[in-house]
Amino acid sequence: MAVTSTSLASQLSGPKSISSASFAPNFSGLRRSCSKLDYFNSQSVSSTQSFFDHVHSSLRISSSGKACRGVIAMAGSGKFFVGGNWKCNGTKDSISKLVSDLNSSKLEPDVDVVVAPPFVYIDQVKNSITDRIEISAQNSWVGKGGAFTGEISVEQLKDLGCKWVILGHSERRHVIGENDEFIGKKAAYALSQGVGVIACIGELLQEREAGKTFDVCFQQLKAYADAVPSWDNIVIAYEPVWAIGTGKVATPEQAQEVHVAVRDWLKKNVSAEVASRTRIIYGGSVNGGNCSELAKKEDIDGFLVGGASLKGPEFAVIVNSVTSKKVAA
Ligand code: PGA
């Protein structure tokens, strides 16, 4: 039995992954885990049997290689979540084609699937897309609607059937100039109206190169934490800015390193329960070719997808990458 971990990940949270071909036949399918963080922090593994029992009761499974099966500890207990962020793209015609492609795609059942059309097409999409896929907005006003020219209120989004809103996206932070506090207030208001928040965080390239990735992400997380009364309806999207729309996807190890740090931050600053159940999804040049390797990482609970979400069949492949977390047949 081998216990493996990335160096930084292990500094943050202790042992992470367990691989053993001999364990695999005892498990099948996708299991919900209890808080691994709690387990490893609250007790030492005193015997192979107790360790095995824990693995059996609480780990989700993944195919990890060609010749042998592997077991990957899933840090979170939340359902896999994949969002498509269509950004400022599309026409009535192209969106009608995209919706029809999505409606005819076979999507794995154990995934929450959400698409975020531009505001002006939300009604069209909601009225034509399968109920299997929920709708998100890409932004919302910070409070109740009223005399705010050009803005869209959470109340209006609800009226159209939106269940989610993407907030804190890097394009709104760095192109439009929204700051942490404003984004936190928007999140709190959306939640107060019963709309879920896909809360984006992520560092610029120069911040990563200066070794500030964690500082930046934690500061952005803190702004959400300071503003929201509960994490019940929040999905965190880690989207390194240098990976968004650039074709330079983070490696699975780079993404995992930040995801485990984010989960650890939640555990220390919010609660172990929130750390376990909050989905932490990755975004930034995810596509049909790289999603499977990313999905195998234990702290990656899904994806926020931009460019590749504009192609129905490819988006379906990304949704279905949840199967990477299951035992190979
Ligand atoms: P991308 O965008 O997949 O095109 O990199 C991701 C996002 O901005 O959410």
Side-chain angles (χ1 to χ4, degrees), residues 80-90 94-95 98 101-102 111-119 121-122 125 133-140 162-178 183 186-187 190 196-205 207-208 213 216-217 220-221 224 234-252 254-255 258-259 262 279-295 297 300-322:
F80 205 70
F81 184 107
V82 177
N85 177 7
W86 297 357
K87 307 193 181 183
C88 188
N89 290 297
S94 72
I95 282 175
L98 179 51
D101 286 348
L102 290 171
V111 187
D112 284 340
V113 186
V114 173
V115 294
F119 286 128
Y121 299 118
I122 286 176
V125 173
I133 300 178
E134 294 187 328
I135 311 292
S136 173
Q138 299 175 20
N139 185 29
S140 58
C162 284
K163 293 267 170 32
W164 297 91
V165 59
I166 298 171
L167 293 174
H169 191 279
S170 77
E171 285 145 19
R172 296 214 63 88
R173 291 178 187 272
H174 300 296
V175 182
I176 316 290
E178 293 187 11
I183 294 162
K186 284 186 173 192
V197 172
I198 301 170
C200 302
I201 60 170
E203 81 287 357
L204 297 162
L205 182 59
E207 291 167 337
R208 172 163 281 263
T213 297
V216 170
C217 290
Q220 293 170 350
L221 276 175
Y224 289 114
I234 300 180
V235 170
I236 295 171
Y238 168 58
E239 300 203 298
V241 183
W242 48 270
I244 295 179
T246 59
K248 286 188 201 153
V249 64
T251 64
Q254 284 174 319
V258 178
H259 282 227
V262 167
R279 274 80 62 89
I280 306 170
I281 64 176
Y282 169 80
S285 295
V286 175
N287 61 37
N290 59 32
C291 56
S292 166
E293 287 306 307
L294 286 159
K297 289 295 178 187
I300 296 182
D301 302 323
F303 301 110
L304 185 56
V305 188
S309 72
L310 298 171
K311 297 170 222 152
E314 185 166 5
F315 186 65
V317 168
I318 297 168
V319 168
N320 293 340
S321 67
V322 67

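Counting starts at 1 for both ligands and their atoms, following the listed order. The model shown is predicted, which means the values in this text are computed figures rather than measured ones.
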With a 4.0 Å heavy-atom cut-off, what residues sit around ligand 1? Asn85, Lys87, His169, Glu239, Ala243, Ile244, Gly245, Gly284, Ser285, Leu304, Val305, Gly306, Gly307
Residues two or more places apart in sequence or in another chain: which of them pass ring-ring contact (aromatic ring centres under 6.0 Å, His included) with Tyr224? none
By ring-ring contact (aromatic ring centres under 6.0 Å, His included), which residues pair with Phe81, not counting sequence neighbours? Trp164
Check whether Asn320 reaches the backbone of Ala316 with its side chain - one donor and one acceptor, N or O, closer than 3.5 Å. yes
Among pairs that include at least one residue of residues 309-320, which meet salt bridge (Lys or Arg N to Asp or Glu O under 4.0 Å), considering only residues two or more places apart or in two chains? Lys311-Glu314
Non-hydrogen atoms of Ile300 and Leu294 that approach each other most closely: CD1-O, 3.3 Å
No-hydrogen, no-angle side-chain donor-acceptor test under 3.5 Å, Glu203 and Tyr238: yes
